[in-house]
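Notes to accompany the following structure.
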Amino acid sequence: MARKSLIQREKKRQKLEQKYHLIRRSSKKEISKVPSLIDKWEIHGKLESLPRNSAPTRLHRRCFSTGRPRANYRDFGLSGHILREMVHACLLPGATRSSW
């Protein structure tokens with residue numbers, strides 16, 4: 001189980017990313033349309049003034065049940081070992097165990 005503070009920090013990053021998403025996207029479109037380098041630098045300065053945690057690259061997917069940040073499956077939102085346990089317990093419909 002992940003620490004509660006790390007999970008809360010991740011939720012805070014998600015809120016910040018949603019809050020500044022439109023500003024970031026419009027600034028990036030402006031940069032591609034502006035021909036002069038000086039104007040591009042000014043717009044880039046606006047992008048740099050945004051909070052660091054509002055960048056989408058800082059977000060991590062976490063396991064829905066345990067909060068584990070690694071080995072997550074996007075389709076299920078679960079980490080690998082939790083997914084395996086749920087498949088073995090027949091809690092995920094349509095998922096089958098591999099056997100050979």
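These values consider heavy atoms only, across backbone and side chains, with no hydrogens, waters or symmetry-generated copies. Start at 1 with the first residue, then count along the sequence.
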Under the 4.5 Å side-chain heavy-atom rule for ILVMFWY, direct or indirect, which residues accompany [X]?
X   : result
L59 : none
L22 : none
L37 : W41
I43 : L16, Y20, I23, I31, V34, L47, L50

Distance from [X] atom [atom1] to [Y] atom [atom2], nearest 0.5 Å?
X   : Y   : atom1 : atom2 : answer
H60 : R9  : NE2   : CZ    : 10.0 Å
K40 : S32 : NZ    : OG    : 8.0 Å
H88 : C90 : NE2   : SG    : 9.5 Å
L92 : E85 : CG    : CD    : 11.5 Å

Side chain to side chain contact (heavy atoms under 4.5 Å, CB included) against K11, all qualifying residues, sequence neighbours excluded |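 Per chain and number, K11 pairs via side chain to side chain contact (heavy atoms under 4.5 Å, CB included) with I7, Q8.
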Mind checking side chain to side chain contact (heavy atoms under 4.5 Å, CB included) for P69 and listing every partner two or more places apart, or none if nothing turns up?
->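 Expected list: R62.
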Does [X] have any side-chain hydrogen bond (donor to acceptor under 3.5 Å, both in side chains) partners at least two apart in sequence or in another chain, and if so, which?
X   : result
R24 : S54
R58 : N53
S36 : D39
E48 : H44

Output every pair passing side chain to side chain donor-acceptor pair (under 3.5 Å) with a member in residues 71-81, not counting sequence neighbours, ordered by first then second residue.
->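 Non-adjacent pairs meeting side chain to side chain donor-acceptor pair (under 3.5 Å): zero.
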Are R13 and E10 close enough for a salt bridge, meaning some N to O gap below 4.0 Å?
->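 Between E10 and R13 there is a salt bridge, with a charged N closer than 4.0 Å to a carboxylate O.
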What pairs with R68 under salt bridge (Lys or Arg N to Asp or Glu O under 4.0 Å), at least two apart in sequence or on another chain?
->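 Expected list: none.
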